[in-house]
Amino acid sequence: MASQQPERKTALAFLAHPDDAEFLCAGTLIRLRDAGWEVHIATATPGDCGSATQDRWEISAVRTKEARRAASLIGATYHCLDERDIFVVFDKPTLKKAIDLFRRVCPSLVFTHAAKDYMMDHEMVSLLARAASFAYAIPNVSHDVPRPAGAVVPYLYYCDPFEGVDPYGNPSNPTTLIDITAVYDRKAEMLACHASQREWLRAHHGMDEYMEAMRRHAASRGKLAGALYAEGFVQHRGHSYPHDDLLSHLLPPRN
Ligand SMILES: [Zn+2]
């Protein structure tokens with residue numbers, strides 16, 4: 001089926017932690033920006049457990065600054081729901097925050113975590129993104145942020161689970177592979193903004209494992225896509241969500 005381009009060209013990556021977007025979908029976000037899309041990156045938490053030496057307030061300040069800087073490299077806007085690492089839940093107040101974020105951004109294309117992933121923050125955000133995608137255009141769903149003009153049920157794509165396997169060790173099977181070879185260096189530059197995470201891993205491993213882990217995964221998806229580097233996604237195709245593979249249509253392989 002031919003893909004209809006949505007009227008609004010606004011993409012939202014809603015993920016759990018600062019640096020998740022850079023690992024999982026930044027190459028695709030860069031290609032969308034280059035194609036004229038507005039891009040937003042949101043995290044549920046400010047990454048408050050991402051340090052063994054700084055308290056939660058210090059590390060949150062550092063990591064949100066890193067995330068904002070990474071987003072700014074591609075002209076994207078960074079948002080944070082200000083939940084807490086490990087304690088992200090699917091409940092009424094958190095879903096309300098997610099819906100209000102969606103109403104402010106008004107996305108026509110959403111990226112989130114795989115439904116099954118290695119940690120529960122990711123799975124909870126996946127549920128929140130799915131529910132907020134379905135609900136945000138409903139007029140009465142929130143009285144705090146008015147329904148934006150042009151709100152629709154957006155295209156929804158799940159990023160790969162960590163290392164491409166679910167918590168039971170089964171490999172995920174992407175419905176969509178996006179060639180990111182030409183923009184890989186820019187994706188790496190975004191990830192390198194997260195110096196607080198890169199440095200402790202480098203000290204621990206004695207090598208640049210942070211950057212290497214991303215390269216390994218992008219190369220393994222590249223193999224499936226017939227490219228040097230790629231990102232993999234599973235499209236949500238439930239009732240009321242757009243079914244055609246917009247991403248493959250918008251971002252064909254590049255030579
Ligand atoms: Zn994460």
**Report entry** Test item: side-chain donor near acceptor, Y155 and D244, under 3.5 Å
**Finding:** yes
Requested in this report: Assess the side chains of Y78 and S72: does a donor N or O sit below 3.5 Å from an acceptor N or O?
Outcome: no
Query raised in the report: For the side chain of H236 and the backbone of Y157, is there at least one donor-acceptor N/O pair under 3.5 Å apart?
Result: no
Query raised in the report: If we only count heavy atoms from C-beta on, is the L101 to H79 side-chain gap below 4.5 Å?
Result: yes
Requested in this report: Assign the ring pair Y210 / F23 to parallel, tilted or perpendicular, where the plane angle (0 to 90°) is split at 30° and 60°.
Outcome: perpendicular
Requested in this report: Sequence neighbours left out, what pairs pass salt bridge (Lys or Arg N to Asp or Glu O under 4.0 Å) with at least one residue falling in residues 136-153?
Outcome: K96-D144
Query raised in the report: Is there side-chain contact between V125 and T112, with at least one heavy-atom pair below 4.5 Å?
Result: yes
Requested in this report: Indicate yes or no for a side-chain donor-acceptor contact from D166 to the backbone of N170 under 3.5 Å, with no hydrogens or angles considered.
Outcome: yes
Query raised in the report: In Å, rounded to the nearest 0.5 Å, how long is the span from OG1 of T176 to CG of L251?
Result: 10.5 Å
**Report entry** Validation row: V141, F134 side chains within 4.5 angstrom (heavy atoms)
**Finding:** no
Query raised in the report: Got a donor-acceptor contact below 3.5 angstrom from the T94 side chain to the F90 backbone?
Result: no
Query raised in the report: Looking only at atom types and distance, does a side-chain atom of R221 sit under 3.5 Å from a main-chain N or O of G232, one as donor and one as acceptor?
Result: no
Query - Y118 vs V165 side-chain heavy atoms within contact, under 4.5 Å - result: no
Report task. Could you name each residue pair satisfying salt bridge (Lys or Arg N to Asp or Glu O under 4.0 Å) that touches residues 26-46, not counting sequence neighbours? Result -> D34-R186
**Report entry** F14 ring center near F111 ring center (under 6.0 Å)
**Finding:** no
Requested in this report: Examine distances only and state if a side-chain atom of D117 and a backbone atom of M119 form a donor-acceptor pair shorter than 3.5 Å.
Outcome: no
Query raised in the report: Distance from D19 atom CG to M214 atom CE, nearest 0.5 Å?
Result: 10.5 Å
Query raised in the report: Where does the angle between the aromatic ring planes of H17 and H122 fall among parallel (under 30°), tilted (30 to 60°) and perpendicular (over 60°)?
Result: tilted
Query raised in the report: Is it true that K116 and E123 make a salt bridge, defined as a side-chain N closer than 4.0 Å to a carboxylate O?
Result: yes
Report summary line: dist D179:CG -> S248:OG (nearest 0.5 Å) comes out at 11.5 Å
Query raised in the report: Is there side-chain contact between F233 and D160, with at least one heavy-atom pair below 4.5 Å?
Result: no
Query raised in the report: Do the side chain of S108 and the main chain of P6 share a donor and acceptor less than 3.5 angstrom apart?
Result: no
Report task. Check whether any side-chain heavy atom of K97 lies under 4.5 Å from a side-chain heavy atom of E83, and answer yes or no. Result -> yes
Requested in this report: Would you please indicate yes or no on a ring centroid separation below 6.0 angstrom for H113 and Y158?
Outcome: no
Query raised in the report: Other than L224, which residues form its hydrophobic cluster under the rule that side-chain heavy atoms must be closer than 4.5 Å?
Result: L177
Query raised in the report: Within a strict 4.5 Å, meaning less than it, do heavy atoms of the E209 and L201 side chains meet?
Result: yes
Query raised in the report: So does E212 pair up with R202, basic N to acidic O under 4.0 Å?
Result: no
Query - Side-chain heavy atoms of Y136 within contact of S142, under 4.5 Å - result: no
Requested in this report: For the pair E231 and K187, find out whether any cationic side-chain nitrogen is under 4.0 Å from an anionic carboxylate oxygen.
Outcome: yes
**Report entry** Rounded distance (nearest 0.5 Å) linking atom CD1 of I30 with atom CD1 of I74
**Finding:** 5.5 Å
Query raised in the report: For S196, does its backbone N or O pair with a side-chain atom of E199 as donor and acceptor, under 3.5 Å?
Result: no
Query raised in the report: Salt-bridged, E66 to R69, with N to O below 4.0 Å?
Result: no
Query raised in the report: Would you say the side-chain atoms of T175 pair up with the backbone N or O of Q235, donor to acceptor, closer than 3.5 Å?
Result: yes
Requested in this report: Supply the atom-to-atom distance L29 CG to E22 CD, rounded to the nearest 0.5 angstrom.
Outcome: 8.5 Å
Query - Euclidean distance, D82 CG relative to T43 OG1, rounded to 0.5 Å - result: 9.0 Å
Query raised in the report: Would you call R63-D48 a salt bridge at under 4.0 Å N-O?
Result: no
